There are 2 protein chains.
Amino acid sequence: MSADTAQIEGLDLVELLRARGQRVTSQRLVILRELRRRRLHATAEEILEAVRHDLPGTSIPTVYATLELFVELGLARKIDAGIGAALYDGRTDPHQHMVCRECGRIFDLDGEYGLGSLVEAAERSGFVADGAELVIRGRCADCARARVS
Amino acid sequence: MSADTAQIEGLDLVELLRARGQRVTSQRLVILRELRRRRLHATAEEILEAVRHDLPGTSIPTVYATLELFVELGLARKIDAGIGAALYDGRTDPHQHMVCRECGRIFDLDGEYGLGSLVEAAERSGFVADGAELVIRGRCADCARARVS
DNA sequence: ATTGGTGCAAATCCTTTGCAATAGC
DNA sequence: GCTATTGCAAAGGATTTGCACCAAT
């Protein structure tokens, strides 16, 4: 992997890895770039597919390991949307998710709103929270419209 | 299955099934009773284990089908806690869940708190919500204590 | 008598593991 | 050179499917 690729594409990642004494590999750089390029959340399989062009021969265990590493590093979120596979999300700012029961698409819901008070209630019970993930289910605007007409 | 079992154990279930033209089977009655007896949420496998005494020969596909039916009927909630298996919860009143990253136990968090405003925000975007499930992750009181000392 | 439910076995899907080869440090 | 990472193949675990039999209506 060339030095300039690292400098252009994955500055924070390189720093984080160095700080932990972990290695900077092309798989890690390319997978992070792909994750960030997407607007929508992706499954490990989708990332593998997308990355195949730049990194032929990449394997699915590597994709899983890399995505889990990113979650640990705070570079990604793992979303359990209740569709078969886990989704990985390059957005790390506070936002939640809406899953359409009909078309299966997943939408972002920006902002924190009242989530804080639930987490506070959790902490009042002695639980030390370090993450909260809300999944709202229902029908997306498109599917709701189609159903009425 | 005897008539009185149905009357004692599963009144609402019987009515719901009749209304939909579905059959009242001993599996459905026993699995619902078991789900309601538990305080903690159970996996399909745990329900199967617990039900084996009253219903020898019950199969895991039946347990899954029955639990999914209950979710559809509003008699149970399915919780995707991010531990391998799905959990089924006989409590249907509003409450959320806390998952301990260390011991893996799952705790109830009662009340609605601010969840409503997030769901309202979802609806403002055109999404028609019919369910919301929050999973808070972190360390439970016991594990947090053990770690400090 | 009909046909919806069930049990069984096997398939499928997602994710993880073991191990030899490779590449980053 | 040392050892973390990788790729491969295979295992593992959860859930679903296909189909013949049974039991509720």
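Nothing here was measured: the structure is a model prediction, and the numbers come from that model.
To the nearest angstrom, C1' of dT15(C) lies 12 Å from CG of Asp80(A). The distance from atom CG of Leu48(B) to atom P of dT6(C) is 13 Å, rounded to the nearest whole Å. When the C1' atom of dT15(D) is taken as reference, atom CD of Glu68(B) falls 10 Å away, rounded to whole Å. What separates NZ of Lys78(A) from C1' of dC14(C) is a distance of 10 Å, to the nearest Å. Rounding to whole angstrom units, CG of residue Leu17(A) and C1' of dA23(C) are separated by 15 Å. Between the C1' atom of dG5(C) and the CG atom of Leu69(B) lies a distance of 11 Å, rounded to the nearest Å. Put simply, CG on Asp54(A) is 16 Å from P on dT6(D), counting in whole angstrom units. Per the geometry, CZ belonging to Arg18(A) stands 12 Å off P belonging to dG24(C), to the nearest Å.
Take the nearest nucleotide of DNA chain D for Gly21(A) and for Glu45(B): the residue whose nucleotide is more 5' is Gly21(A).
Using a 4.0 Å heavy-atom criterion, one finds that Thr58(A) contacts the sugar-phosphate atoms exclusively. Ala86(B) comes within contact range of the sugar-phosphate backbone alone, with a heavy-atom separation under 4.0 Å but no base atom that close.
Ranking dG7(C), dT6(C), dT6(D) by closeness to the Gln27(A) side chain, first place goes to dT6(D). When distances run from any side-chain atom of Ser59(A) to the nucleotides dG7(D), dC14(C), dG7(C), the shortest one goes to dG7(D). The listed nucleotides are dG5(C), dT16(D), dC8(D); the one nearest the side chain of Ile60(B) is dT16(D). Comparing dA14(D), dT15(C), dG24(C) against the side chain of Tyr64(B) picks out dA14(D) as the nearest. Ranking dT17(C), dT25(D), dA24(D) by closeness to the Pro61(A) side chain, first place goes to dT17(C). When the nucleotides dT25(D), dT6(D), dG5(C) are ranked by their closest atom to the side chain of Thr66(A), dT6(D) comes out on top.
Contact annotation: Gln22(A) reaches the phosphate of dT5(D) (side-chain N/O to OP1 or OP2, under 4.0 Å). Note on Thr25(A): every side-chain N or O is 4.0 Å or more away from OP1 and OP2 of dA4(D). For the pair Thr62(B) and dG7(C), the criterion of a side-chain N or O lying under 4.0 Å from OP1 or OP2 is met.
Asp89(B) places a side-chain N or O within 3.5 Å of a backbone atom of Arg91(B) that can act as its donor or acceptor partner. Looking at Arg18(A), its side chain never comes within 3.5 Å of a backbone N or O of Leu13(A) through a donor-acceptor pair. A donor-acceptor pair under 3.5 Å links the side-chain atoms of Glu123(B) to the main chain of Ala129(B), judged by distance alone. In terms of modelled atom types and a separation under 3.5 Å, the side chain of Glu46(B) and the main chain of Thr43(B) share a donor-acceptor contact.
Using a 4.0 Å cut-off between charged side-chain N and carboxylate O, Asp130(A) and Arg101(B) make a salt bridge.
Donor-acceptor pairing under 3.5 Å, judged by distance alone, is present between the side chain of Arg23(A) and the base of dT3(D).
In this structure, Tyr88(B) and Tyr64(B) have perpendicular ring planes: the angle between them is above 60°, well past the 30° mark.
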